[in-house]
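Notes follow the structure.
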Amino acid sequence: MSRTFADAKVHTPANLEEALDFLANHANEGWKPLAGGTDALVPIYRDGAEPTTPWLNLQKLRPELRFVRRTSNGFEIGALATISDLMANRDLCETYPIVRQCCQHFASPAIRHRATVAGNLANASPASDIAPVLLALEAEIESANHAGRRFVTLDAFWTGYKATVLAPDELIVSVRIPHRDLAANASMFRKVAPRASNSIALLNCAAIGTRDSAGTWTNVRIALGCMGPVPMRARKVESAVEDHRFDDTCREEAKALLQSTLRPITDYRATAEYRMLAATNLVSAFLDRTAGNWHS
Amino acid sequence: MKIQMNVNGQERILDVPPLRRLIDILREDMGLVAAKIGCGEGECGACNVLVDGEAVSACLIPAVQIDGCRIVTLEGLATSNDDALAALHGAFLEHDASQCGACIPGIVMTCRGMFDDLRNRRPSEAEVRGLLAGHLCRCTGYEAIVRGILKWLEMKSEP
C-alpha cells in the first residue's frame, strides 16, 4: 500500500472571491496555491515526510481563470491557463513564435496539459522555461488580494531564489503580454539540456528584436535562465547593441558585459564556466543573424 | 475527503486522503492496473491516463484535483469498442512496437488523447517523436513504436 499522507491539509475554494477571502483570514498560516500541481507531489512522495504545507487547491477557479485571449493592449493569460493552452492559441503563437518554440521544449505533453503558466512563474525557479520568453516580451503579472488588484513587471516579480513579491494573501490572476513587439523580425528560444524535452534546462535563452537590412539592431531584448538566482534580462547587452550592427567590437563588448553581469553557479547539472560559455554563444547566435524575418 | 468522478464511464464516489495520487487510487483502490508506476516523478509516462480527455501523468495528480473529473484508463478504452484503439493496436502488432509492455499503456493513452488533434492532419515523424517526449521505453524500442504510430496515423487519414 502506498503512502497516503492522510493528515495533509487542503482547502478548495469555490471561486476566486472565496479564495481571496480565505487567504485574507488565514494569511499567516502558510497556505500555498495548488494550480497544475506538477511540482507539488513529487517532493512529498520522494522524501516521504508528512507534508506540513497546507494547500489551497485552485481547481474550481478554472472557469474564471483558465483562458488565453487577445485584448486591445496585448495578450492576457489567465492564471490557470496551461502550457498546452498557450500552444493551442494560434494567434499568440503566430504573433510571438518564441512562445510555441518554448512550449514545445517544456517538459512533456502530459505535463504541459496540467502545468500552468502562472504556477511556473510563481514557483520562481531560475530554470523555468517560460520565464525568459515572458521576460523578453516584457510581461506583467496581475495579482489580487481581497482588497484589490495590482500589476508588477515580471523582472521585478522575483526577489531571489524561489522567492517572489507575492504577499501571503495574494494570488496571480493573469499574466499580460503587452503589444510591444509586433514589428520584431527576429526572435529565438534556445534551451540547453540533455534531452530536447522533459529535461530541466542547464540554461535557456529567449531573445527578440528588429534588425534592418543594414544589420542594425533595435528594440532588442534578451533574457536568460539558470544564469543567476532568478531568470534575468541582459539589459547591458541590450543597450550595447541598440542601434548597432553586431560587429567584432560589439561582440567583444557583449561578451564582456555578460561575463560581468551574469552569476551562474556550478551544480550537478553543469559548471558555471560551461553555462557562461553557452550563454555567450547563444546571445551571439541570435545577434549574428544576417537575414530578417527569422524566428526560430 | 469524498470525491466524485467518472471512471471509464461509471460514476464513482470514493473517500480518500486529499493528496493521494490518482495512480494509487486507480491501481490500489480500484484495481485498474493498466497504468504503471514507473518513476513517480512525471519523467516516464507509464502512468498516463486521460483526465477530461487529456493525457496526463497520474503520479502527479492529487485526489483533490480529480473531484468531478472524467477519467479514462486503458481498461476503459479496451471495453468500449474504441475504433482508434483497435487501429493503434493493429499498427503496434504489425510493427512489433510492444516488447515488455511496461510503457505501452501510457503511450497508448497519450496517442488516444491526441487523436482528435492528429486525425485531420498527417504529423511529421519529428512531431510524433515530440509526442513521445514524456515516455521512456525501458526496452529502448522507440523506432518500432514511432513506426507503429506513423502507420496508425496513415490508417486514420484514409477515408
Side-chain angles (χ1 to χ4, degrees), chain A residues 1-12 14 34-48 50-51 53-63 66 80 82-85 87-88 100 103-115 193 195-200, chain B residues 1 3 15-29 35 37 39-69 106-107 109-111 113-114 117-118 126-136:
Chain A
M1 184 77 179
S2 59
R3 300 285 308 267
T4 56
F5 302 107
D7 297 332
K9 247 165 75 175
V10 181
H11 177 67
T12 304
L34 184 69
T38 51
D39 206 23
L41 286 187
V42 171
I44 296 170
Y45 279 81
R46 185 181 54 207
D47 301 342
E50 204 63 38
T53 304
W55 292 99
L56 187 71
N57 174 29
L58 304 181
Q59 192 206 10
K60 299 225 183 308
L61 280 57
R62 276 184 158 204
R66 186 176 181 184
L80 293 178
T82 64
I83 301 296
S84 294
D85 293 338
M87 295 175 84
R100 178 177 284 150
C103 292
Q104 284 170 340
H105 296 284
F106 188 108
S108 66
I111 291 176
R112 297 197 286 260
H113 286 148
R114 301 292 296 186
R195 295 167 65 192
S197 296
N198 222 10
S199 266
I200 293 174
Chain B
M1 66 175 291
I3 58 168
D15 194 2
V16 289
L19 293 189
R20 185 153 173 80
R21 302 181 302 185
L22 174 57
I23 187 66
D24 299 322
I25 293 173
L26 293 173
R27 290 181 59 86
E28 296 181 355
D29 302 344
I37 302 173
C39 65
E41 300 190 358
E43 295 279 351
C44 77
C47 66
N48 283 12
V49 298
L50 301 183
V51 172
D52 292 339
E54 290 182 321
V56 299
S57 294
C59 70
L60 299 180
I61 302 180
V64 70
Q65 290 206 323
I66 51 169
D67 186 29
C69 292
I107 290 175
M109 298 316 286
T110 293
C111 291
M114 298 292 282
D117 178 43
L118 296 178
E127 212 179 320
V128 167
R129 289 182 186 275
L131 178 71
L132 291 173
H135 291 281
L136 295 177

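The chains referred to below are lettered A, B, ... by the order of the sequence lines, with proteins before strands, and numbering in each begins at 1. Everything quoted here is computed from the prediction, not taken from an experiment.
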- Which portion of A:K60 sits near chain B, non-hydrogen atoms under 4.5 angstrom: side chain
- Item | Contact class of A:L34 relative to chain B, heavy atoms under 4.5 angstrom | both
- Message: So, taking the atom named CG in A:L80 and the one named CG in A:D85, what distance separates them when rounded to the nearest 0.5 Å?
- Response: 10.0 Å
- Task: Could you tell me which portion of A:A35 (side chain, backbone, both or neither) has an atom closer than 4.5 angstrom to a non-hydrogen atom of chain B?
- Result: backbone
- Please state whether the side chain, the backbone, both or neither of B:L136 comes within less than 4.5 Å of a heavy atom of chain A. side chain
- For B:I23, is it the side chain, the backbone, both or neither that has a heavy atom under 4.5 Å from a heavy atom of chain A? neither
- Item | Per-residue contact mode, A:T12 against chain B (heavy atom under 4.5 angstrom) | side chain
- Item | Test salt bridge (Lys or Arg N to Asp or Glu O under 4.0 Å) applied to B:D52 - qualifying residues, sequence neighbours left out | none
- Note on the structure: Applying a strict 4.5 Å limit to non-hydrogen atoms, the region of B:D67 in contact with chain A is both
- Item | Under 4.5 Å from a heavy atom of chain A, the part of B:V16 involved | neither
- Nearest heavy-atom pair of B:A63 and B:I25: which atoms, and what distance? CB-CD1, 3.7 Å
- Message: Looking at chain A, which one of B:I37, B:V64, B:V51, B:D24 has the largest number of heavy-atom pairs inside 4.5 Å, strictly under?
- Response: B:V64
N/O donor to acceptor pairs below 3.5 angstrom from side-chain atoms of residues 39-50 of chain B, sequence neighbours left out:
{"unit_1": "B:N48", "atom_1": "OD1", "unit_2": "B:S57", "atom_2": "OG", "d": "2.9"}
{"unit_1": "B:N48", "atom_1": "ND2", "unit_2": "B:T110", "atom_2": "OG1", "d": "3.0"}

- If you measure from CG on A:N198 to CD1 on A:I111, what distance do you get to the nearest 0.5 Å? 5.0 Å
- Note on the structure: Separation between CE (B:M114) and CD (B:E54), nearest 0.5 Å, reads 10.0 Å
- Rounded distance (nearest 0.5 Å) linking atom CG of A:L56 with atom CG of A:L61: 8.0 Å
- Roughly how far, to the nearest 0.5 Å, is CZ of B:R21 from CD of B:E28? 8.5 Å
- Task: Against chain A, label B:R129 side chain, backbone, both or neither, depending on which of its atoms sit under 4.5 Å from a heavy atom there.
- Result: neither
- May I ask you to name which of B:G106, B:P17, B:G113 has the most heavy-atom pairs under 4.5 Å with chain A? B:P17
